[in-house]
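Predicted, not measured: the structure shown is a model, and the values here were computed from it.
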Amino acid sequence: MKPTNLPTTESRNPLSMGLDSLSTLQMVQLMNQQDATVPVAIAQVLPQIAQVVEMMATALAAGHRAFYQGAGTSGRLAVLDAVELLPTFRLEPDRVIPLLAGGDAAMMRSVEGAEDDAALGRADLAHHNFGQNDVLIGVAASGRTPYALGGLRYAAELGAGSAALVCNAGSSMSAAAQIAIEVVVGPEVLTGSTRLKAGTAQKLVLNMLSTCTMVKLGKVYENLMVDVNPSNQKLRQRAARIVSEITGLAGEEATTLLIAADWEVKTAVVMGLLDVSAAEARRRLAAANGHIRRALENP
């Protein structure tokens, strides 16, 4: 007897019923063809993604925080997205906070039962003093993971902004959130293995949410990461290239500016373009809420 009420992500994919009889090339071709459908599914929910970006950017600009909350693959992808914001955008570590069911240990090994605990989802948020001015994005392929659902319901009780990033339509998480991003990617090549298309979809959407939010916060000029934290040689070289690219200065001159700016890329850029001191560049940037364009246009 076939099970009823299965979410789409748990259903069998008719195109991969003979997966174990395919040649290696046929297997990878099939997976590639299925993966190609993910961006098409995401295109259907771009307006919702944009709404969540606006919600995150508004909260962060006002000094509040954004939280990701999930379990298993979904939660791990959220952690990866959040931790990359520190070196890429020089974001303080307590501004975008990822909460993974089972804690840090669950990044490397499954913590049995954690994802089934709705009370834990609430408790983890409460532990971080999650409040009505913060924003929560619950991430789960199924759309019904108790840990993330508990968090979303807690956010609703507090009147906080919330969104659900899921891969099934009409889920309980979508119902609990203010905004639902439902990327319906269909059954996986390997039945129920939502680390595949669903995981890819979630990673792509998280990329959009975090990157576009950082752009709106002034951490990007043109298409350059002008708030990069030059914490190692590779990133210092990248910082010098960015300053050189924007100002037109040679590499050595760009590095000299960066040293004078204490390796603050945005400060060095304003110094170079306006021929002002580091103190004046910082003053302009502060008045412009960190946006280089505004700092250049307004005295």
Side-chain angles (χ1 to χ4, degrees), residues 7-9 42 45 48-60 64-83 85 95-103 106-107 111 113-185 194-195 198-210 213:
T8 308
T9 49
I42 291 174
V45 293
Q48 292 89 336
I49 294 171
Q51 288 178 345
V52 178
V53 169
E54 294 283 356
M55 182 170 65
M56 291 176 65
T58 298
L60 289 168
H64 306 302
R65 301 167 298 170
F67 287 75
Y68 293 147
Q69 190 168 40
T73 297
S74 300
R76 294 184 186 103
L77 289 171
V79 171
L80 289 175
D81 190 72
V83 300
L85 301 183
R95 302 302 308 287
V96 176
I97 300 172
L99 299 177
L100 174 61
M107 273 301 288
V111 177
E115 71 176 70
D116 297 326
D117 193 340
L120 180 62
R122 300 169 65 95
D124 281 355
L125 286 170
H127 176 73
H128 287 273
N129 297 313
F130 180 85
Q132 65 177 358
N133 294 317
D134 295 321
V135 168
L136 173 65
I137 295 89
V139 189
S142 68
R144 58 186 187 181
T145 301
Y147 175 75
L149 182 58
L152 286 170
R153 287 174 174 166
Y154 181 62
E157 291 172 13
L158 297 176
S162 64
L165 170 53
V166 300
C167 294
N168 287 291
S171 70
S172 52
M173 283 177 58
S174 293
Q178 290 180 345
I179 304 171
I181 302 174
E182 297 180 327
V183 189
V184 183
V185 295
T194 51
R195 67 188 181 87
T200 299
Q202 290 171 327
K203 181 66 173 83
L204 291 175
V205 173
L206 288 166
N207 286 347
M208 292 180 183
L209 294 178
S210 57
T213 295

Point-to-point distance, once rounded to the nearest 0.5 Å, from [atom1] of [X] to [atom2] of [Y]:
X: Ser210; Y: Asp81; atom1: OG; atom2: CG; answer: 3.5 Å
X: Leu125; Y: Gln69; atom1: CG; atom2: CD; answer: 4.5 Å
X: Phe130; Y: Ile97; atom1: CZ; atom2: CD1; answer: 10.0 Å
X: Leu77; Y: Arg195; atom1: CG; atom2: CZ; answer: 11.5 Å
X: Leu209; Y: Ile181; atom1: CG; atom2: CD1; answer: 5.0 Å

If you define the side chain from C-beta out and look only at heavy atoms, does anything of [X] sit under 4.5 Å from [Y]?
X: Arg95; Y: Leu60; value: yes
X: Ser172; Y: Arg144; value: yes
X: Val139; Y: Val205; value: no
X: Met56; Y: Ile137; value: yes
X: Arg76; Y: Leu100; value: yes
X: Leu99; Y: His127; value: no
X: Leu165; Y: Tyr68; value: no

Query raised in the report: Can you name the ring pair (Phe, Tyr, Trp, His ring centres under 6.0 Å) partners of Tyr154, sequence neighbours left out?
Result: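 Per chain and number, Tyr154 pairs via ring pair (Phe, Tyr, Trp, His ring centres under 6.0 Å) with no residue.
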Please report the closest heavy-atom contact between [X] and [Y], naming both atoms and the distance.
X: Arg65; Y: Ala59; answer: O-CB, 4.4 Å
X: Leu136; Y: Ala155; answer: CD2-CB, 4.0 Å
X: Ala163; Y: Val52; answer: CB-CG2, 3.6 Å
X: Ala114; Y: Gly102; answer: CB-N, 3.6 Å
X: Glu115; Y: Pro146; answer: O-CD, 3.3 Å
X: Leu152; Y: Ser162; answer: CD2-CB, 3.9 Å

With sequence neighbours excluded, residues passing side chain to side chain donor-acceptor pair (under 3.5 Å) with [X]:
X: Glu182; value: Ser174
X: Thr9; value: Asn168
X: Asp117; value: none
X: Asn207; value: Lys203

**Report entry** Residues in salt bridge (charged side-chain N to carboxylate O under 4.0 Å, His left out) contact with Arg122, at least two apart in sequence or another chain
**Finding:**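 Once residues adjacent in sequence are excluded, the partners of Arg122 under the salt bridge (charged side-chain N to carboxylate O under 4.0 Å, His left out) criterion are Glu157.
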Query raised in the report: Does the Asp134 side chain pair with the main chain of Gly131, one donor and one acceptor, at a distance under 3.5 Å?
Result: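 Such a contact is found between Asp134 side chain and Gly131 backbone.
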